[in-house]
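Data block below; observations after.
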Amino acid sequence: MGSLPGTCEIVEATDECDSVQHFKGINLPSSRSRMDEKVGKLPMLKTGRNCALEEDLNHIFEAIDRRTAARSLALSHQSVIGMSTKNASKRPVRVGASQPSGIGISESVSLKQALRGLRISHASEMAAMKRSSKPIGSPVDTEAGALQRLYRSVVVEANESDFPLDERKGSVLEITLVPEKSEAKYCHKRPDSIQDPMTSSTSSARSSPRFAAATKTKDNKLSELEEIVPSPKIIGSKISALELVRKGQLHSSVHSSSGSKTASKGSKSASSSPRALIPVVTAKAKTTKMRPQDDIVAEPTSTNKTSKSPSNSPRLVKPIVTNGLTAKPTTPKTCSQDEVFHESAAFGGKKQLLKVPQKGKLKHALASANSNTIKKVLEIEEVIHAVEDAGSKTSTPKVARKGELYSDPSLCVSIGTSKASKSAGNSPRVIKPVSKHTTSVKKTVKQEAASVTSSSTTYNQAGNDDILSGTNDLVCRTRKCNQKSMRKESGSPASSSRSLSGKVSSSNHNSGASKSGFDSNSCNERVISVKASEKSRFREKGDISQSSKSSSIGEYSSSTSISEESSLSASSSGGSRPHMSKDLRWDAIRHVKMRYGSLGLRNFKLLKRLGCGDIGTVYLAELSGANCLFALKVMDNEFLASRRKMPRAQTEREILQMLDHPFLPTLYAHFTTDKFSCLVMEYCPGGDLHVLRQKQANRSFSEQAARFYVAEVLLALEYLHMLGVVYRDLKPENILVREDGHIMLSDFDLSLRCVVSPTLLKSSLSIVEPAKKFSGPCAESSCIDPFCIQPSWGQVSCFSPRLISATKARKLKADLASQVRPLPQLVAEPTSARSNSFVGTHEYLAPEIIKGDGHGSAVDWWTFGIFLYELLFGKTPFKGPGNEDTLANVVLQSLKFPECPIVSFQAKDLIRGLLVKEPENRLGSIKGATEIKQHPFFEGLNWALIRCAIPPELPKPYDPVSMACEKEVTKCPEFKNTGDHFEFELF
Ligand SMILES: Nc1ncnc2c1ncn2[C@@H]1O[C@H](COP(=O)(O)OP(=O)(O)OP(=O)(O)O)[C@@H](O)[C@H]1O
């Protein structure tokens with residue numbers, strides 16, 4: 001069975017006939033012609049409305065007999081010449097110990113007699129079957145198979161006829177010819193190990209032509225069926241077919257009298273069902289009744305068509321499977337109505353197109369037959385299935401074929417297991433219309449995935465969502481970079497008035513770095529994965545993380561070489577930054593590099609100094625000849641080395657290289673000379689929030705404006721956390737304002753890099769109620785789902801207002817909310833990272849940093865609270881007369897709010913939640929940004945589309961040059977442009 005293909009492609013019928021015949025070297029045309037001859041007689045049935053059904057059937061059976069005889073010969077020959085390796089693999093493998101028993105008919109032609117005799121009670125049939133139970137290869141076995149084959153060669157289906165149906169009689173017949181197979185030759189080949197009574201069924205049933213009869217709906221039939229109809233295959237739980245039928249979830253029935261054309265099309269064959277009654281899951285049932293994990297891998301009916309038939313109406317389906325192959329007799333695309341497909345293992349599993357009488361006419365003829373005849377047919381059908389039951393206990397599932405849903409309703413095989421899904425031997429099958437199978441396969445696979453790995457689903461969603469959620473940019477690669485670069489050196493006094501930068505001499509990233517296993521010697525990529533199976537996906541989606549730039553400390557060493565190295569960022573093309581790839585500045589830089597061979601200071605015209613920080617000075621620079629503005633950060637190598645700030649510079653550069661987010665800066669290039677290290681960044685002309693706040697009335701932002709800014713900062717922090725970056729230096733000075741009013745978080749030299757271990761807090765599998773599909777805006781205005789792209793009811797300015805009353809909106813919202821299926825909760829932030837570095841700005845330092853308890857990503861939520869407080873109240877909450885006082889206040893003083901300005905309860909409540917001194921109790925410490933997004937302060941905010949929202953109005957047209965001049969520029973290096981050579985006056 002190992003050779004069994006998991007999928008086999010359905011070959012067009014027209015190809016296989018000739019090829020098979022040619023391949024086999026069998027004189028099949030003769031059998032075909034005989035068949036055609038016989039089939040040609042069938043039109044009698046079309047017009048012969050007065051003809052007896054039995055006579056019609058006789059013709060059919062006769063034709064089948066001849067055909068099968070010829071093909072039996074072909075099979076024999078084929079096996080002898082050993083040319084059927086491939087075909088054999090497609091055969092259903094049977095367990096040798098249990099061969100289907102016959103009912104003691106010595107010749108296949110005896111079927112006619114059996115048909116005529118009819119009236120054989122079920123009990124007597126079973127008795128006969130018992131008596132005739134024989135070992136493999138016994139004559140009886142052959143007889144039983146012959147009988148089954150003959151019966152299966154006729155399939156009664158729901159009406160597809162154009163003829164008006166007699167609703168009372170209801171039954172219409174469709175003749176379908178399917179091949180028998182030579183089973184005996186293969187039944188021994190199945191190893192015992194794969195024998196599974198639960199997963200096996202009547203291989204004879206599948207391998208033999210099947211005759212299924214249709215009658216009106218009969219409730220009593222259902223009770224009879226209960227014992228016989230096998231359970232459909234269900235993933236996750238087992239629900240009996242009958243149970244489902246009774247619930248209306250499955251349409252398992254004898255042919256319904258109301259079986260309309262659509263019902264017929266919707267019904268599917270189930271190859272291994274011992275009866276012709278195959279549970280069929282309606283699409284509706286599948287989507288609304290079944291939990292995903294209860295994936296019934298019985299064939300869904302063809303959507304709404306089947307819904308027309310009574311849910312409890314027994315309905316005939318058409319189990320026609322042979323040798324693991326599927327015949328689709330009613331497939332309109334591949335077979336005209338007067339043709340049916342005929343598959344045979346002997347024919348290499350390919351379909352063979354056979355001519356049969358026009359279906360509609362035949363149906364009509366059969367429909368007009370007296371009810372007794374149909375009753376007899378049904379009885380015989382039962383006999384056959386009883387025989388099949390007896391013989392199918394140990395048969396094996398069929399080989400799945402490509403493009404088909406493999407579900408044998410009698411096979412309780414879950415395709416939720418990889419084995420089932422991959423192993424042909426265990427692949428149950430469902431016969432379904434060609435036109436449907438693709439969708440169904442997708443559905444099944446989808447549900448399978450959902451039932452198996454919820455986290456993968458989650459990541460799937462993450463990968464598909466908007467960048468603003470911060471999750472699309474989830475970088476699954478981090479780097480094992482130089483450990484040294486992770487350590488914060490003891491540094492010089494802060495240059496900024498509020499900055500406490502680089503104060504730590506004994507940084508211990510005991511959880512961040514050490515846990516992550518950062519390799520000081522390598523910069524190998526490390527793939528973070530939730531599951532091994534997701535690794536590849538992560539790799540694909542994690543490409544925003546740049547490859548190593550070999551940015552060793554050596555690059556910053558104070559080389560005396562006067563040669564200028566130019567090193568473009570790996571993503572100079574923007575290729576690894578999909579959201580910025582359209583930026584023309586990539587092209588400008590690439591062009592310069594191509595023209596000059598490298599990028600250097602000589603290529604920039606420094607226009608203004610924008611500001612200076614602890615490790616460098618930022619200039620507004622224009623790329624020569626490109627008319628592109630950049631923010632050029634120039635760091636003196638000697639200064640960095642002497643102040644032991646090289647690691648900070650390297651950390652900043654490495655982090656900048658990873659970023660691809662609208663609220664974070666883009667690093668276009670970096671280069672190092674023997675004197676300077678330079679970062680070419682996106683220029684942000686709007687100044688920073690510190691300056692902007694000063695320009696507000698009362699030196700504080702309105703609550704609405706504050707909400708906007710902190711929301712964007714929150715997304716930026718979330719993104720950074722997902723990259724394994726704890727920012728640690730949040731303050732208004734580091735929030736730059738873009739030209740369009742949105743923000744850009746800058747300055748990463750104090751950031752902590754650590755490892756993110758995504759944790760699944762809550763699986764979607766724990767959710768019992770299935771989500772109902774709805775189309776419309778997100779039910780939750782305060783939607784916390786970072787993956788949500790549905791517009792909310794919230795007042796997002798980028799949407800036109802909805803003309804709906806508040807009451808209606810609330811009601812609709814509540815309705816939708818009740819239908820919302822919570823998504824799995826995944827935390828992909830470094831909530832457990834720890835560092836003992838003492839970094840940050842006094843007023844913004846978290847208590848745990850001050851106390852030296854070690855800190856993690858929760859420090860960013862503390863600073864986030866201070867930040868919101870300052871935006872709203874114009875000052876920080878714990879500021880004391882001096883830095884020491886401030887630090888003491890942070891640790892000891894309780895939070896107080898000024899009376900003025902008036903701030904909402906929600907805002908205060910959020911601040912309270914964030915400024916909890918114990919990090920473990922702090923909002924966001926467990927679930928990260930998601931937790932904070934849920935807070936009522938952000939209610940109505942559409943996180944995914946905040947980028948489209950209109951930012952708070954800027955006080956006046958902004959002049960970046962003048963704003964830059966307003967900034968504190970003390971201790972900043974001055975520069976003199978002397979052609980290609982720059983001289984900086986450092987501090
Ligand atoms: N991309 C940019 N666009 C516009 N102005 C910028 C940009 N980057 C930095 N600046 C300005 O340059 C100033 C110096 O920035 P820099 O990051 O070097 O130092 P810092 O923010 O004071 O932090 P630190 O001292 O910790 O490095 C900032 O205050 C900011 O006003």
Side-chain angles (χ1 to χ4, degrees), residues 488-489 491-504 580 585 604 606-622 628-636 639-640 643 645-653 655-656 659 662-670 676-694 716 727-740 742-752 837 839-842 844 863 958-973 984 986-987:
K488 300 294 176 184
E489 75 223 12
S492 59
S495 57
S496 168
S497 59
R498 299 202 296 185
S499 179
L500 182 73
S501 56
K503 197 175 174 182
V504 176
M580 296 297 293
R585 281 169 282 199
F604 290 93
L606 304 185
L607 303 176
K608 265 299 183 189
R609 186 179 62 201
L610 296 173
C612 63
D614 201 36
I615 60 172
T617 303
V618 180
Y619 298 92
L620 173 63
E622 182 183 298
C628 285
L629 292 180
F630 293 93
L632 185 67
K633 186 165 187 171
V634 181
M635 296 163 282
D636 184 275
F639 173 79
L640 292 175
R643 307 291 176 94
K645 296 186 178 193
M646 197 68 81
R648 286 175 54 181
Q650 184 170 340
T651 295
E652 180 168 42
R653 188 191 62 186
I655 291 172
L656 283 170
L659 306 181
F663 305 146
L664 291 168
T666 299
L667 179 68
Y668 293 94
H670 65 89
F676 301 110
S677 294
C678 301
L679 301 175
V680 182
M681 300 179 292
E682 178 185 1
Y683 168 58
C684 206
D688 62 53
L689 280 189
H690 180 70
V691 173
L692 197 57
R693 182 182 65 78
Q694 311 281 349
Y727 183 57
R728 299 202 295 190
D729 198 18
L730 181 62
K731 56 185 178 183
E733 291 89 331
N734 285 340
I735 312 298
L736 305 181
V737 181
R738 295 175 186 273
E739 199 169 12
D740 61 3
H742 292 272
I743 64 103
M744 184 179 95
L745 189 59
S746 70
D747 196 4
F748 301 94
D749 60 325
L750 295 184
S751 297
L752 167 70
S837 300
V839 294
T841 303
H842 288 93
Y844 275 78
T863 55
Y958 197 76
D959 177 6
V961 175
S962 63
M963 286 297 288
C965 293
E966 291 176 23
K967 293 181 66 65
E968 183 183 5
V969 291
T970 55
K971 297 183 182 177
C972 283
F984 288 83
L986 294 172
F987 306 100

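Counting starts at 1 for both ligands and their atoms, in listed order.
- Atoms of ligand 1 found under 4.0 Å from any heavy atom of D614, numbered from 1 in the order shown, are 24 (P), 25 (O), 27 (O).
- Put simply, the side chain of N734 gets close to the backbone of D729: a donor and an acceptor are under 3.5 Å apart.
- Every N/O-N/O distance between S746 and ligand 1 stays at or above 3.5 Å.
- Within the structure, the closest approach of D749 to ligand 1 falls below 4.0 Å when heavy atoms are considered.
- For ligand 1, none of its N or O atoms has an N or O atom of E733 under 3.5 Å away.
- Heavy atoms of E682 found under 4.0 angstrom from ligand 1 belong exclusively to the backbone.
- Counting atoms of ligand 1 from 1 in the listed order, those under 4.0 Å from a heavy atom of K633 are 16 (P), 17 (O), 18 (O), 27 (O).
- Not counting sequence neighbours, the partners of V680 by the side chain to side chain contact (heavy atoms under 4.5 Å, CB included) test are I589, L599, F604, F630, L632, Y668, A669, F671.
- Remark: the backbone N or O of I743 is paired with a side-chain donor or acceptor of R738 at under 3.5 angstrom.
- Ligand 1 places these atoms under 4.0 Å from at least one heavy atom of M744: 1 (N).
- Within ligand 1, counting atoms from 1 as listed, the ones closer than 4.0 Å to a heavy atom of A631 are 1 (N), 2 (C), 3 (N).
- Between F748 and Y727, the ring-plane angle classifies as perpendicular under the 30° and 60° cut-offs.
- Contact of the L629 side chain with the L607 side chain is registered, since non-hydrogen atoms from C-beta on lie closer than 4.5 Å.
- Remark: ligand 1 and Y683 share no N or O pair separated by less than 3.5 Å (distance only, no angle test).
- Residues T863 and Y844 form a side-chain contact, since some pair of their non-hydrogen atoms from C-beta on lies under 4.5 Å apart.
- Environment of CD in E739: sparse, with no more than 12 heavy atoms of neighbouring residues, nucleotides or ligands closer than 6.0 Å.
- Proximity annotation for atom 30 (C) of ligand 1: of V618, L736, N734, L736 comes nearest, heavy atoms only.
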